*Asks:* 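I'd like to ask you about the structure that follows.
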Amino acid sequence: MKQQTRLISTIWSERDNSCAKTINPPIYRGSTVLFDSYRDMVNAGKNQYEGITYGTDRLPTQRQFEEAMRLLEGAVLTRIFPSGIAAIQNALMACTRSGDHILVCDNAYGPGQRFCRKILKKFGIDHTPIPANAGGDIERYLQPNTVLILLESPGSQSFELQDIPAITEIARERDIITMLDNTWATPLFLKPFDIGVDITIHSLTKYISGYSDLLAGSVSTNEKLSPVIDKYYKTMEIYTPAEECYLALRGMHSLEPRLLQHQQSALTVARWLENHPLVDKVLHPALDSHPEHHIWKRDFTGSSGLFSFTFKKDYSEQQLAQFIDALRLFHLGYSWGGYKSLVTAGKLSRATECRYKDKTIIRLNIGLEACSDILEDLEQGLSRLS
Ligand SMILES: *Cc1c(COP(=O)(O)O)cnc(C)c1O
């Protein structure tokens, strides 16, 4: 045998009988997965094969992370997607068909709403935005062809909460699917399946992975919806790179201690801002002053590190720049849930009545810096406005 052939014909994975028991699992990369016999291959073609058939059939790295998420959520089935927005888009496509109508809460992740307007609409699926603090009143928005309600509570800009149990009760009576983006609370602080939700979505890009170095999303379901998502995922052959799954699984192990720290610092900063002379409203569900605080207290077991506030005065863009650019610990950038403090600012665009219409919303991602340093930074930044 020629040297080149010897190299090519070695199956290195078969030589791995060292069984090194590393704490974290190995990363499996692969498109082709070898069958032991032609019979196995034939059975795979007939869906009668137990093993993994191909890269898009989810290699062990994807499956391990998927299982960790499923257990954390208390779900029946979890599937991983290449980003949070891909999870939203695909979950919506899996559950709707031409002629259907869906309700979307008005504080849901903007690009998800844009997908409804620009893409679902094109395929004959209509949507109606419902108020960000909807509850039992959703009844008035239902149409005979309403099949799904997309919720996000709290919304990740303005933090209104929906009354999820009130909505899921009405939806169940009419066989309407409820889907909740639970990225803000994570499965640690809200258990959506316990309050009647059928499908949960996560941007794993945020707290679950925790280090701002990957994009991934998940869709998890209860018993009833699991065949729908399972079949859809198989048909679409969605592939999330193993490296992302490996990193997200690794990050997940520090989720609880990170989140407890985010929670504590964010509450301290939120209370401090409430007493600041320039600040009007602090939009944080765990504060007594939040309009849906009673709902947060009833349904959630904690709060994370992302919240917003508004100013009493309407500052110009130039004045806002003086404040924001003076911050040294808060960096400017999209996304959140990582260890670094971040700030964004802007006005909301809303289809329904909104408490904060025309108000500039300053959104803070409270990172893992020492809280005293975060406060000092905000103090010196805000001093540029007075
Ligand atoms: C960021 C975010 C998403 C989208 O996640 P990506 O992984 O960035 O695509 C979805 N929902 C919420 C609430 C988010 O904050």
Side-chain angles (χ1 to χ4, degrees), residues 65-66 69 73 78-93 104-119 129 132 149-162 164 178-190 192 197 199-220 238-241 243-245 247-249 251-252 255 259 262 266 283-285 296 300 303-308 332-344 346 348-350 361 363-367:
F65 176 48
E66 189 180 280
M69 262 316 277
E73 293 212 87
T78 297
R79 290 290 179 265
I80 308 298
F81 291 79
S83 65
I85 185 64
I88 295 171
Q89 293 166 347
N90 282 287
L92 288 173
M93 287 196 286
V104 180
C105 72
D106 207 7
N107 59 351
Y109 185 61
Q113 298 199 50
R114 191 168 60 205
F115 174 74
C116 296
R117 283 196 306 273
K118 307 246 175 198
I119 309 294
I149 307 170
L150 175 62
L151 305 169
E152 185 180 323
S153 184
S156 54
Q157 297 281 348
S158 45
F159 303 92
E160 302 95 335
L161 278 88
Q162 292 107 55
I164 299 170
T178 48
M179 195 180 281
L180 173 77
D181 184 332
N182 195 27
T183 303
W184 183 84
T186 83
L188 293 188
F189 291 154
L190 182 70
V197 169
I199 298 181
T200 66
I201 310 260
H202 284 278
S203 167
L204 307 166
T205 311
K206 312 290 166 56
Y207 288 122
I208 302 284
S209 63
Y211 297 87
S212 311
D213 55 358
L214 66 90
L215 284 145
S218 66
V219 174
S220 299
I238 287 154
Y239 179 75
T240 309
E243 281 76 6
E244 320 307 275
C245 294
L247 285 173
L249 177 59
M252 230 172 125
L255 177 64
L259 217 53
H262 286 299
L283 322 181
H284 187 309
W296 175 80
F300 293 68
S303 57
S304 59
L306 188 80
F307 69 94
S308 298
L332 276 161
Y334 297 127
S335 208
W336 50 277
Y339 54 81
K340 210 173 209 13
S341 286
L342 299 173
V343 59
T344 59
L348 298 173
S349 99
R350 283 291 168 80
I361 305 256
R363 190 181 78 171
L364 301 179
N365 174 58
I366 302 298

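Owing to the predicted nature of the structure, the values given are computational and were not obtained by experimental measurement. Ligands are counted one by one from 1 in listed order, and the atoms in each one are counted from 1 as well.
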*Asks:* Quick check, are the ring centers of Y207 and W184 under 6.0 angstrom apart?
*Replies:* no
*Asks:* In Å, rounded to the nearest 0.5 Å, how long is the span from CD1 of I149 to CG of L180?
*Replies:* 11.5 Å
*Asks:* Side chains of T78 and E73: any donor to acceptor distance under 3.5 Å?
*Replies:* no
*Asks:* What residues come within 4.0 Å of ligand 1, counting heavy atoms only?
*Replies:* S83, G84, I85, I88, Y109, E152, S156, D181, T183, S203, T205, K206, L215, A216, W336
*Asks:* Return the CD to CZ distance between E152 and F159, rounded to the nearest 0.5 Å.
*Replies:* 9.0 Å
*Asks:* Just verifying a value: how many Å separate N107 CG and L348 CG, rounded to the nearest 0.5 Å?
*Replies:* 9.5 Å
*Asks:* Atom OH of residue position Y339 - does it have more than 12 heavy atoms of other residues, nucleotides or ligands inside 6.0 Å?
*Replies:* no
